[in-house]
Amino acid sequence: MSARQSVPRDYYEVLGVDRGSSDSEIKRAFRRLARDLHPDVNRHDPEAEEKFKQAAEAYEVLSDPERRRTYDAFGHQGLRSGGWSPHTAGSMEDILASFFGGGDSLFADLFGGRRSGPAPGGDIGVEIEIALAEVLTGVTRGVRFEAVSLCERCRGNGAEPGTPIRTCDTCAGAGRVQQVRRTAFGQLVQTGACPTCGGDGRIAEQPCERCEGVGREVRERTWDVDVPPGIETGQRIRITGAGHAGESGAPAGDLYVGVRVADDERFERRGSDLVTVVHVPATMAMVGGRVTAPTLDGDREVEIPAGTQPGHTVTLDGLGLPSLRGRSRGDEHVLVDVVVPRKLSREQRKLAQRLHESLEE
Ligand SMILES: [Zn+2]
Ligand SMILES: [Zn+2]
């Protein structure tokens, strides 16, 4: 057998199939040849690429019902006079990609076993709100959400328990079938999920009663989410694998828990520091005293020195919030608001007047 022949070889012969072969037999034959002749596998046959291109050409014709009919009736001449020419320019990778789809799925399709990549499950997003005090300690919060899950009855294989599962005839177990699209650039051959088996490659003879053979069902799920200390509004916690179940064999998606820290009217948060405001009467600011300031660790007495000015802050070390990394806490800043009384009794007014005059001197 020589690699280059002036007369094109019979396409059925190239693929090693009978003239009456089904589409799936033809596809299987080509997949087998492509696998055997692929340069990553076959490093010792210098004619492998040429053989591969012949196989690709044969497959291109025999996998298309219309072209196959023309070829059966009129041979190579019939195809050529109909204006068709083989699409075997480009690298093996390009040719394979045009039949099976490119990238990882191509490689998985040819070399990764039974079928090309089952789709992984989607991600799910939920939101929770926690109190500011819970930022200090961290908290475990249960969340409830609906997720595509493996069917409890058939455990995801879609078959009624105890009944057999057979390989899909339409896609010969590949899970994907070829689709031809006509575009401005000519015919584009793409692969998509098999309509018969839905991409599974296998069909349950007796579908599971509970999920009707899908293998998955939407169920309400609960999850205890550990919220670490120091979290801030807008941050998300990712729980790997807690999202929607994937197609059989593929990983589940992730659960993303968006966190909102509820406002606490006593505090303003600045990173890991807290700011609180205490209201101090003008007279206390003059002579000094003590006020109570709220902290996340309970109320604290704060010393107001004599002569305290409005806007003065007292720092309570280590009474702020922890940071996500490292457990050291920020500080709490107590901001002094000096309150001037709006109304005075006659007696108070007299006292204030006397103080005023004495200060004037
Ligand atoms: Zn089921
Ligand atoms: Zn199928």
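Numbers for residues simply follow the sequence, beginning at 1. When a ligand or atom number is given, it counts from 1 through the structure's own listing order.
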Original post:
Would Glu332 and Arg300 count as a salt bridge (charged side-chain N to carboxylate O under 4.0 Å, His left out) if you check the C-alpha gap in whole Å, the side-chain angles of each, and the deciding distance to 0.1 Å?
Top reply: CA-CA 11 Å; Glu332 177 171 324; Arg300 289 289 155 99; over 6 Å; no
**OP:** With rounding to the nearest 0.5 Å, note down the distance linking CG in Leu62 to CD1 in Ile26.
**Re:**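 One gets 5.0 Å once the value is rounded to the nearest 0.5 Å.
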Taking atom [atom1] of [X] as the centre, report whether more than 12 heavy atoms of other residues, nucleotides or ligands fall under 6.0 Å from it.
{"X": "Arg155", "atom1": "CZ", "answer": "no"}
{"X": "Asp263", "atom1": "CG", "answer": "no"}
{"X": "Arg270", "atom1": "CZ", "answer": "no"}

**OP:** Verify the distance criterion only: is there a donor paired with an acceptor across the side chains of Arg31 and Tyr59 at less than 3.5 Å?
**Re:**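 No donor-acceptor contact under 3.5 Å links the two side chains.
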Original post:
How open is the angle at the Zn ion (ligand 1) from atom SG of Cys211 over to atom SG of Cys208, rounded to 10 degrees?
Top reply: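 Between SG of Cys211 and SG of Cys208, at the Zn ion (ligand 1), the angle is about 100°.
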Subject >> Angle at the Zn ion (ligand 1) (to 10°), with one arm to SG of Cys151 and the other to SG of Cys154 >> reply: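 Once rounded, the angle between the two atoms at the Zn ion (ligand 1) is 110°.
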Subject >> Check: Arg32 side chain, Leu15 main-chain N or O, donor-acceptor pair, under 3.5 Å >> reply: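 Not at all, since once roles are kept as given, no pair shorter than 3.5 Å links the two residues.
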Original post:
Tell me, which protein N/O/S atoms are under 2.8 Å away from the Zn ion (ligand 2)?
Top reply: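 Atoms qualifying: Cys168 SG, Cys171 SG, Cys194 SG, Cys197 SG.
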